[in-house]
Amino acid sequence: MTKDHRQSTRLSRRAFLATLPLTAAVAACRQRPYRRDDFTLPDRSPMAILPAPGYDVDLADVIYRGLELLRPPVAGRRVFLKPNIVEYESGTAINTDPLMVAGAAAAFLKAGALEVVVGEGPGHRRDVEYLLAGTGLDEVLTDHRLRFIDLNHDDVVRVPLRSRFTGLDELWLPVELVRSDFIVSMPKLKTHHWVAMTASLKNFFGVVPGAVYGWPKNILHVRGIEQSILDIVATVKPAFTIVDAIVAMEGDGPIMGKPRPMGFVAMGTDLVAVDATCARIIGLDPLKMPYLKVASEYLGNLAERRIEQRGENPSRYATQFDVLEPFKNRRLA
Amino acid sequence: MQVASLRESRPLTGDRPDRSTLAAQLRRALVAGANTGGGWGYYPGKTSRIEPTCWALLALAATSDEPGDVWRSSADVHLQFLARSQRSDGLLLDLPPVPNLGFNGLAALVCQQLRGSAADALLARLVPALVRIKGISVKNTPNPSDALQGWPWIEETFSWVEPTALCLLALKRSRRAASGPETDARVQEAEHVLLARSCATGGWNYGNASVYGQDLRPYVPTTALGLMALADRRADPVVIRGLEFLRNNQLNERSGMALALTALCLRIHGLPCDEVEHALTDDLARVHRLNNLHIIAMVLYALSGERHGVAAFAL
């Protein structure tokens with residue numbers, strides 16, 4: 001099985017396309033690698049931006065108000081919260097703040113959820129206990145009696161992919177995630193050194209089990225990060241997102257960037273719409289971000305005219321994040 | 001709220017429970033968590049997997065007071081799980097789609113320690129498979145070490161520190177029984193991988209020591225594994241620097257995995273590990289609460305190090 005990288009020439013057309021940058025792969029596709037009938041874009045995508053100047057505000061109240069504005073169907077559902085827990089380093093803004101998780105759990109239960117569980121499968125560090133303890137999430141889970149699902153080590157089930165930009169037909173995904181009936185992305189808003197920005201969609205890298213695919217989820221990097229984002233989100237079908245942009249990250253994210261206080265929480269049922277809005281807020285053009293642009297063809301709305309703001313006006317928070325040199329051309333004109 | 005958890009209260013030294021009592025609790029948790037059909041899942045009630053099964057077998061064998069034949073008989077059902085996981089090419093696969101090579105290296109180490117007909121039969125095909133498999137060689141990158149081939153987590157991907165350390169250890173230990181030019185070459189190249197990827201400050205990150213010109217920071221568990229795999233090269237400056245990093249940071253990553261691997265590594269290198277083992281006992285409440293059987297087994301093996309001398313990883 002020894003393989004010199006240069007010798008990997010016997011690729012199928014589909015596997016070859018997966019090795020290309022997303023834009024080139026899409027341009028080379030005669031037809032999109034998904035069935036259009038499987039996806040329905042909403043006419044309009046409501047979302048809400050709620051002010052939260054710090055983590056010391058009543059976040060359960062903030063998030064509950066967001067739920068009231070958006071009315072997602074959570075009553076009687078088993079809600080799965082997927083925060084972004086990557087690495088622990090004191091004084092940084094790498095992870096979704098645990099108080100956001102606590103606030104979301106309380107808000108969903110108040111809104112009638114049957115159960116709330118929290119799950120993550122860190123793609124960078126496999127020592128999840130260290131991350132839980134260091135970030136303080138362990139304390140939140142204990143205080144709020146929330147069950148934690150270790151997505152790297154859960155039992156897995158084969159799931160056919162609903163889109164196949166990676167060239168893969170299926171992924172093995174954690175059973176507890178697949179059996180949830182209301183999956184919520186809870187990312188930290190950050191710049192990203194490979195895809196410019198990470199928020200609701202990119203957060204789903206963390207659901208791929210490391211014990212099956214290795215760390216840092218090798219197969220996804222080989223198959224293309226942007227392709228993987230699309231295929232995972234299309235398949236996992238998250239129902240909602242709550243973005244922690246109270247303190248975001250700019251510069252060399254998602255780990256080595258600088259904290260950037262922004263003071264808001266973004267919420268919505270359409271993850272593409274919420275991410276596109278977050279991109280615009282931090283000065284990036286979502287149309288210049290290949291995975292968001294392609295996602296807007298089948299996973300959600302990107303155009304501002306199709307996004308209905310029910311909370312604060314996003315322009316209130318508009319700014320320009322520091323980004324790495326390769327992404328400066330992705331800024332809004 | 002990026003704060004270290006304060007929930008696990010740190011008992012005063014005099015309040016620490018007796019080590020044998022703690023070990024007995026850990027043993028009970030492992031025995032209770034075993035699947036009746038053989039093997040352990042990562043969590044009680046979950047499907048048996050290679051990694052937790054290997055660590056549980058290792059920890060229970062090392063702390064068993066039963067006569068050898070009694071223990072072997074009770075372990076047989078779990079070894080059979082590993083045997084059932086072995087493919088025709090020699091690699092163990094617990095779940096589709098691909099074998100995890102780090103866990104295969106661990107399985108080889110455990111079988112080398114347990115011995116017996118089932119373990120030996122498994123090893124006979126597993127070790128050649130480990131010799132055969134390499135990570136991809138990536139040339140013409142800013143990191144010349146990218147071209148070196150250790151072991152990846154999964155086939156046809158890049159080599160990483162953890163699977164490379166585990167497979168390297170397994171091959172080094174296998175050379176006690178039999179060696180050959182192919183095994184020697186793999187050992188030599190894998191050592192180069194680890195030596196070349198040592199961080200500027202000593203120790204290891206997961207892969208390269210730097211990315212895009214930026215030095216990456218080392219971590220405790222990866223460093224402990226790297227040092228265990230290079231324990232026969234103690235005079236090498238990389239090993240000396242790595243040990244310095246590990247000793248300076250031995251209590252900085254508070255988790256069952258980090259502390260257990262640190263304690264095992266320090267003991268292998270003949271260095272004091274009392275403080276680390278005390279920290280492990282102080283943090284046991286969290287380990288029990290999270291109830292990851294793989295970590296519980298690691299902790300049990302580490303806390304009983306004095307008894308078994310970490311023989312399974314010793315070179």
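In what follows, every chain begins at residue 1, and chains take the letters A, B, ... in the order their sequences are listed.
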Lys NZ or Arg CZ of A:R125 over B:Y219 ring: under 6.0 Å, within 45°: yes

Can you tell me how far the CD1 atom of B:I295 sits from the CD atom of A:E129, to the nearest 0.5 Å? 6.5 Å

Once rounded to the nearest 0.5 Å, what's the spacing between atom CG of A:D138 and atom CZ of B:R289? 4.5 Å

Measuring centre to centre across the rings, with the benzene-like ring taken for any Trp, is B:W160 within less than 6.0 Å of A:W215? no

By number, which residues in residues 254-262 of chain A have some heavy atom less than 4.5 Å away from chain B? A:M256

Which value, rounded to the nearest 0.5 Å, describes the distance between A:D155 atom CG and B:S48 atom OG? 9.0 Å

For A:D154, check salt bridge (Lys or Arg N to Asp or Glu O under 4.0 Å) against everything at least two apart and list the hits. B:K46

Parallel, tilted or perpendicular: which fits the ring planes of B:Y206 and A:H124, with parallel below 30° and perpendicular above 60°? perpendicular

Hey, do the aromatic rings of B:F158 and A:H221 have their centres closer than 6.0 Å? no

Side-chain touch B:V211/A:H193, heavy atoms, less than 4.5 angstrom: no

Please examine the side chains of B:N292 and A:V128, heavy atoms only from C-beta on, and report whether any two atoms are closer than 4.5 Å. no

Measure the spacing between CG of B:L290 and CZ of A:F148 and express it to the nearest 0.5 Å. 8.5 Å

Donor-acceptor contact below 3.5 Å, side chain B:E253 vs main chain A:Y130: no

Got a salt bridge between B:R217 and A:E89, using NZ or NE/NH1/NH2 to carboxylate O under 4.0 Å? yes

Looking at A:E170, I want to see if its CD is surrounded by more than 12 non-hydrogen atoms of other residues, nucleotides or ligands under 6.0 Å. yes

Check whether the side chains of B:Y43 and A:D150 place a donor and an acceptor atom closer than 3.5 Å, and report yes or no. yes

Here the gap from B:M257 atom CE to A:R126 atom CZ, rounded to the nearest 0.5 Å, amounts to 4.5 Å

Residues in side chain to side chain donor-acceptor pair (under 3.5 Å) contact with B:N249, at least two apart in sequence or another chain: B:N252

Test of understanding: with salt bridge (Lys or Arg N to Asp or Glu O under 4.0 Å), list the residues that count as partners of A:E120, not counting sequence neighbours. A:K82

Tell me, out of B:L95, B:T47, B:D94, who's got the most heavy-atom pairs with chain A below 4.5 Å. B:T47

Check whether B:P96 gets within reach of chain A through its side chain, its backbone, both or neither, counting any heavy atom under 4.5 Å. both

If you take all heavy atoms of B:P221 and A:D127, which pair is closest and at what distance? CG-OD2, 4.2 Å

Are the side chains of A:V212 and B:P97 in contact, using a 4.5 Å heavy-atom criterion? yes

